[in-house]
Amino acid sequence: MIRVRFAPSPTGMFHVGGARTALFNWALAEQSGGVFVLRIEDTDASRNQPEWTEGIISALAWIGINGTNPVFEGPYFQSTFEPQHREAVAKLLADGRAYFCDCTREDLVARTGSEHKGYDGHCRERGLSAGAVRFRTPDEGVTVVDDIIRGRVEFPNDAQEDFVIARTDGSPLYVLANAVDDITQNITHVVRGEEHLGNAAKQVMLWPALGATTPVWAHLPVIVNEQRKKLSKRRDKVALESYRDEGYLAEAMVNYLMLLGWGPGGDREIMPWAEMMPLFSLENVNSASAFFDEKKLRAFNGEYIRALPLEIFEERCLPYLDPSWDAELFSKVAPLAQTRIPVLSEIRQNVDFLFLDEPVFDEASWDKAMKKNPVEILTGYLSALEVVNWDPESLKDALLKVGEELGMGLSKAQAPVRVAITGRTVGLPLFESIEVLGRAKSVERVRAALAKLGA
RNA sequence: GGCCCGUUGGUCCAGUGGUGAGGACGCCUGACUCUCAAUCAGGAGGCCACCGGUUCGAAUCCGGUACGGGCUGCCA
């Protein structure tokens, strides 16, 4: 049975790269009736806060990876397994596979004359009984990581230093703890980011030394920004939560993320999880880094938004509207907005004119729209508004007529009215908007615009 | 510096020895049209990084080069 794991360290936010890794693992577990283990790697006290862990769990739940599914196991906390890690270190020490070392970084740099030469084996035969613990690596030959995605990757052993597996205070380090946990949790497939390939070379030595046979390795390509650099939280928008808050639907996010480094084949990319999941295979994962293209994500999100049943769409918009705004009024324009917003948060700028006492004007829009005969148009339309039948068709005909008298088409004539009513040059269909706004307010806004024009 | 990985239109993927290299996003044009979308119909854009080899035949196999990236911590 396939047992995969997702082992994030708790940091302040949940990275989209982590989300993809989790999704790939989840697909593997779900399609095979296996198990997905969530293990929080919290051994570094400096980056460990309970709320970080909650963030991870809720982010995973958002993209459909949740603890109520029988496939899910955990969360486990790496820190609780420290006794086993220490035991493993003791065993390696007892077996002569590891040794104590008291060299400081400065000692080493002084000896080798370089920051990057790696450990020189100074303490190998000193028989120390305290200090950091280093794993003894072979000096010749190669270490092979058999990777499903990359094939056979060889690491020359003469370039592999005796790496540290426990600190001077006895606490275990990542490479060791990670391997021990994977072994005790019977992980069969280690699927993680490419940045761990180097760790795999070390762990390929660790597993047998700890009496276990190596798992299947799969190192996913890195996700990069437009500069082709690994997405980093310092310079890039990487927090899954920020996308969620902006109004990306989980379904769209999941769909898009699955396409980073993999594709279902065929000519269809928009595909629900249930269809996508069984198609996934590690063998078909691309090995080249992938650019996180928010434009494409937006397009996908638009597709998913349009596919939403109207009531659900309205419901999903609510968080982006003021609680005081009349939901019934919103319902009247929601269908007009649904095809127009690629992310939910943009609902606000489309409908705010209905609820605010005064529309939000931006100077550029105003200037742009109030270029040709604004006073004539607004004055003409104002008198029409006071008497016209209150339906979109009549409202439209009335403006059409005003425009004709000035030798202007509807397209030109509508601009000043649109800005007067909504404050913006682009938005929902105008006459439906006016209808919903109501006669009194519409008249009032056109008057206000006229006043602003000094007419 | 050392080790490792990668390279198909701007971007993400299909294509894994055999007719004109496909799809998606983006872009452009047109239709529709009150703006913007949506929708529909078209279009531009790739000598499959480069060089050499294997082969009757290579985007697909091999080698090298260039460029990009990752790792290189008593972090994870």
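Below, read A as the first sequence line, B as the second, and so on, with proteins coming before strands; counting in each chain starts at 1.
Residue-to-nucleotide contacts include a donor-acceptor pair under 3.5 Å from the side chain of E432(A) to the base of C34(B). With hydrogens and angles left out, the side chain of T168(A) and the base of C74(B) share a donor-acceptor pair within 3.5 Å. Residue-to-nucleotide contacts include no donor-acceptor pair under 3.5 Å from the side chain of K396(A) to the base of C34(B).
In this structure, C103(A) and R340(A) both approach RNA chain B, and ranking their closest nucleotides by distance from the 5' end singles out R340(A). Comparing K117(A) and G261(A) against RNA chain B, the residue whose closest nucleotide sits nearer the 5' end is K117(A).
To the nearest whole angstrom, the two C1' atoms, one in G23(B) and one in G69(B), are 27 Å apart. Here the separation of U33(B) from C27(B), taken at their P atoms, is 23 Å to the nearest Å. As rounded to the nearest Å, G26(B) and A59(B) have P atoms that lie 31 Å from one another. A gap of 11 Å separates the C1' atoms of G9(B) and A44(B), to the nearest Å. A gap of 23 Å separates the C1' atoms of C62(B) and G68(B), to the nearest Å. Atom P of U72(B) sits at a distance of 25 Å from the matching atom of U65(B), rounded to the whole Å. Rounded to a whole angstrom, the distance from the P atom of G64(B) to that of U7(B) is 16 Å. Nucleotides G22(B) and A37(B) place their C1' atoms 29 Å apart, quoted to the nearest Å.
Remark: P of C25(B) and CZ of R268(A) are 13 Å apart, rounded to the nearest angstrom. Atom CG of L220(A) is separated from atom C1' of C13(B) by 15 Å (rounded to the nearest Å). Protein atom OH of Y256(A) is 12 Å distant from nucleotide atom C1' of G26(B), rounded to whole Å. Summarising the geometry, the separation between CG on L108(A) and C1' on U72(B) is reported as 12 Å, rounded to the nearest angstrom. One can place CG of L93(A) at 17 Å from P of C74(B), the figure rounded to the nearest angstrom. As rounded to whole Å, 13 Å separates atom P of C25(B) from atom OH of Y304(A). In this structure, the CD1 atom of I223(A) is 17 Å from the C1' atom of G68(B), given to the nearest Å. Between Y99(A) atom OH and C74(B) atom C1' the separation is 13 Å, expressed in whole Å.
With C3(B), A76(B), A24(B) as the choices, the nucleotide that has an atom nearest any side-chain atom of Q78(A) turns out to be A76(B). Proximity note for L173(A) (side chain, C-beta onward) versus G69(B), A76(B), A38(B): the nearest is A76(B). Comparing A37(B), A76(B), C12(B) by their closest approach to the side chain of Y174(A) singles out A76(B). The listed nucleotides are A37(B), G73(B), C34(B); the one nearest the side chain of R105(A) is G73(B). The side chain of R418(A) has C34(B) as its nearest neighbour among C36(B), C34(B), A76(B). Distances from the side chain of V426(A) to the nucleotides C12(B), U35(B), A37(B) place U35(B) closest.
OP1 or OP2 of C71(B) sits under 4.0 Å from a side-chain N or O of K230(A). Distances shorter than 4.0 Å separate some side-chain N or O of K229(A) from OP1 or OP2 on G69(B). Of the side-chain N and O atoms in S411(A), none sit less than 4.0 angstrom from OP1 or OP2 of C34(B). An OP1 or OP2 oxygen of C75(B) is reached within less than 4.0 angstrom by a side-chain nitrogen or oxygen of R167(A).
A side chain to side chain contact (heavy atoms under 4.5 Å, CB included) with S289(A) is found for one member of I223(A), V224(A), L260(A) and no other, namely V224(A).
Within the 4.0 angstrom heavy-atom criterion, no nucleotide atom of any strand lies near D147(A). H196(A) comes within contact range of at least one nucleobase, with a heavy-atom separation under 4.0 Å. Within 4.0 Å of E269(A), counting heavy atoms only, lies at least one base atom of the nucleic acid. Using a 4.0 Å heavy-atom distance criterion, L428(A) is classed as a base contact. At a threshold of 4.0 angstrom between heavy atoms, the contacts of N199(A) include nucleobase atoms, whether or not backbone atoms are also involved. Residue F431(A) is in base contact, counting any heavy-atom pair closer than 4.0 Å across all strands shown. Contact annotation for R306(A): backbone-only contact, meaning every heavy-atom pair under 4.0 Å involves sugar-phosphate atoms and none involves a base. Residue P156(A) is in sugar-phosphate contact alone, with no base atom involved, counting any heavy-atom pair closer than 4.0 Å across all strands shown. Nucleic acid contact for G263(A): sugar-phosphate only, since backbone atoms but no base atoms lie under 4.0 Å from a heavy atom of the residue. Backbone-only engagement by A290(A) is indicated by non-hydrogen atom pairs under 4.0 Å involving sugar-phosphate atoms exclusively.
When Watson-Crick and G-U wobble pairs are counted only if both distances are under 3.5 Å, A58(B) pairs with no nucleotide at all. Across all strands shown, U7(B) is found opposite A66(B) as a Watson-Crick or G-U wobble partner, with both distances under 3.5 Å. When both pairing distances are held under 3.5 Å, G22(B) makes a Watson-Crick or G-U pair with C13(B). Of the nucleotides present, none pairs with A37(B) by Watson-Crick or G-U wobble criteria with both distances under 3.5 Å. In this structure G73(B) sits in no base pair that meets the Watson-Crick or G-U test at under 3.5 Å. In this structure, A44(B) makes no Watson-Crick or G-U wobble pair, since no nucleotide meets both defining distances under 3.5 angstrom.
Electrostatic pairing of R126(A) and D102(A) counts as a salt bridge here, judged by a charged N lying under 4.0 Å from a carboxylate O. A salt bridge between E194(A) and R150(A) is present, with a side-chain N of the basic residue lying under 4.0 Å from a carboxylate O of the acidic one. Note on R39(A) versus E41(A): salt bridge recorded, some NZ/NE/NH1/NH2 to OD/OE distance being below 4.0 Å. Electrostatic pairing of E432(A) and K396(A) does not count as a salt bridge here, judged by no charged N lying under 4.0 Å from a carboxylate O. A salt bridge links R152(A) and E154(A); the closest N-O separation between the charged side-chain nitrogens and carboxylate oxygens is under 4.0 Å.
When ring centroids are compared, H85(A) and Y174(A) stay outside the 6.0 Å threshold. Ring centroids of F163(A) and Y119(A) are separated by 6.0 Å or more, keeping the two rings apart. Ring-centre distance between W262(A) and F280(A): below the 6.0 Å cut-off. For Y248(A) and Y304(A), the gap between ring centers reaches or exceeds 6.0 Å.
Pairing each heavy atom of N255(A) with each of F300(A), the nearest pair is ND2-CE2, 3.7 Å.
Side-chain contact between F135(A) and V164(A) is absent, with no heavy atoms from C-beta onward closer than 4.5 Å.
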Between the protein and nucleotides 5-9 of chain B, list the N/O to N/O atom pairs that are separated by less than 3.5 angstrom.
{"unit_1": "C5(B)", "atom_1": "O2'", "unit_2": "R150(A)", "atom_2": "NH1", "d": "2.4"}
{"unit_1": "C5(B)", "atom_1": "O2'", "unit_2": "E194(A)", "atom_2": "OE2", "d": "3.1"}

